[in-house]
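Both ligands and their constituent atoms are indexed starting at 1 by order of listing.
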Amino acid sequence: MQSFPVRARAASCVMAMAALASAQPTPLKLLAQAHGIDIGVAVTFPAASGRAAYDSVVTRNFTGIVAENDHKWGSISSNPGVYTWTNSDRMVDFAQQHNLKLRFHAFVWHQQSSYIANGHQSGVAQPTDPNKYTRAEAFTHMRNHIGAVMQRYKTRNGGQMHVISEWDVVNEAAARDSGMFDTANVYKGLRLSTGNAVHLDSGLSRWTGYTQGETNDFDYIDSAFAIAHRNDTAARLAYNDYDAEGMGKKSNDVYSLMAKLKSRNIPVHVLGMQSHWYIGPSNTGSSGAWDPQQIAENMNRLAALGLDISITELDIRMQNPVDSAKLQQQRQAYETALGLCLAQPRCKSFYVWGVRDGQSWINSRYPGYGSPLLFSGTGTTYTPKPAYYGLISVLETTASVRRQPGAARQAPSLNYRATGPVRDLLGRRVHAAPDRPLFKAQKPAERSQAK
Ligand code: 9MR
């Protein structure tokens, strides 16, 4: 694993904190706060019997949380206008109660999205007709869903508190560049929608089909951001994707999309780099490959567009069985990832995708691979791994950078308005609230054609 030259001498306050805490591991959280970086974790709510230990690892070590599944469209709403808020509310309450930031994940996605876009999850009926919704209907659902969630969570305490630090407005719209996808399912680097063959990793997106994305320049993407912005003009809005961290076809496609959105003044503020990586034998290729120099380069060009960068779903898997050499390699990889973020002033949050190895999605998704996270253990035991200590040591020995310490609740003020009107990808003016349609409602003739 290539090391990345980001280490420098420690800021004295950080060193002092480390010395004070030498008897036991310094909570990651204190060090993160001293750097002004949000180090968060994806959470689920395990069975009540295991809750206390889980909660304490989360609240002791992390400054933020993101719901691994509980905020996805399909987790909240099974039918238009029908909402089950129980688990979703618990996440928000938990964040508020423990003074944690909360990344909201996610609105517009082609998976885990129940009636609107999800054809592959077991227990969810396969839509028999990929054009089940018309363009206008799809946008209406989008507008209603984003509105329902944002109005519920955008502020707490009578409007005084922003609990959600970032919203993943669009997730994984770009097509992957590996051979896994049929290139016929890709257009302009984005996912298409054809037939009924929507399943995990097929590369297809019903959002493209419903909104006739190819002919409308994928304007479901910019519309989602504009709708989210209308619901909360102070919200930080993110586009989130995977395998687009380094320099390559997919990251170029994501960059082009971002540049286009920015040039139209669409309110997108954050690029989420999911960062599902692996250690050895090589950092090249696709599907979890990563290269530190390339990532730094990509971060720089995205920052130059005016975007903040968040590491949103970091995990670094290894081939089973685990051994100490691999754990050291993994530690170095985690250190490198955090170093990259600390070295880039616009990289402000660093989230790992789960608390403990046994709870990770990697175990079922990549048979033969595992141990991707910062803690191991079973039952109520959460044992910090070398990677955990690696993050601590990076925070202790990296010169403190540009950020103000403390977990400010108020979203930063946004200045994109100064640069002119917001336009969608087709160049149409996007109006601020009160609500007006972003897109042309379809005439009855178009509607029957699309059905
Ligand atoms: O970790 C999530 C897992 O529990 C779900 O079964 C899976 C369904 O696709 O989604 C996982 O989280 C994904 C995230 O929402 C988006 N980026 C990729 C993540 C890993 O698949």
*Asks:* Could you tell me if Asp38 and Gln33 have a donor-acceptor pair between their side chains, going purely by distance under 3.5 Å?
*Replies:* no
*Asks:* As a check for students: among Glu313, Gln111, Lys72, His110, identify the option with a heavy atom nearest to atom 10 (O) of ligand 1.
*Replies:* Lys72
*Asks:* Roughly how far, to the nearest 0.5 Å, is the CD1 atom of Ile221 from the OG1 atom of Thr211?
*Replies:* 8.5 Å
*Asks:* When you compare ligand 1 with Glu68, is there at least one nitrogen or oxygen pair between them that comes in under 3.5 angstrom?
*Replies:* yes
*Asks:* Tell me whether Asn240 reaches ligand 1 (any heavy atom closer than 4.0 angstrom to a ligand atom).
*Replies:* no
*Asks:* Taking 4.0 Å as the limit for heavy-atom contacts, which would you say applies to His276 with ligand 1: side chain only, backbone only, both, or neither?
*Replies:* side chain
*Asks:* Just let me know how Trp353 lines up against ligand 1, side chain, backbone, both or neither, with a heavy-atom cut-off below 4.0 Å.
*Replies:* side chain
*Asks:* Out of Trp361, Tyr242, Trp290, Tyr351, which residue meets the ring-ring contact (aromatic ring centres under 6.0 Å, His included) rule with His276?
*Replies:* Trp361
*Asks:* Within ligand 1, which atoms have a heavy atom of Asn171 less than 4.0 Å away?
*Replies:* 16 (C)
*Asks:* Is Trp109 close to ligand 1, meaning an N/O of one under 3.5 Å from an N/O of the other?
*Replies:* no
*Asks:* Could you check Asp357 against Ser376 for side chain to side chain donor-acceptor pair (under 3.5 Å), going step by step and ending with a plain yes or no?
*Replies:* CA-CA 5 Å; Asp357 285 341; Ser376 59; 5.2 Å; no
*Asks:* Using a 4.0 Å cutoff against the non-hydrogen atoms of Glu172, which atoms of ligand 1 qualify?
*Replies:* 16 (C), 17 (N), 18 (C)
*Asks:* Within this structure, what is the OG-CD distance for the pair Ser205 and Glu172, rounded to the nearest 0.5 Å?
*Replies:* 10.0 Å
*Asks:* Nearest to atom 5 (C) of ligand 1 by heavy atom, Ile362, Val66, Asn69: which?
*Replies:* Asn69
*Asks:* Salt bridge or not for Asp243 and Lys250, using N-O below 4.0 Å?
*Replies:* no
*Asks:* Could you say whether the N/O atoms of Gln274 and ligand 1 ever approach to under 3.5 Å?
*Replies:* yes
*Asks:* Got a salt bridge between Glu335 and Arg331, using NZ or NE/NH1/NH2 to carboxylate O under 4.0 Å?
*Replies:* yes
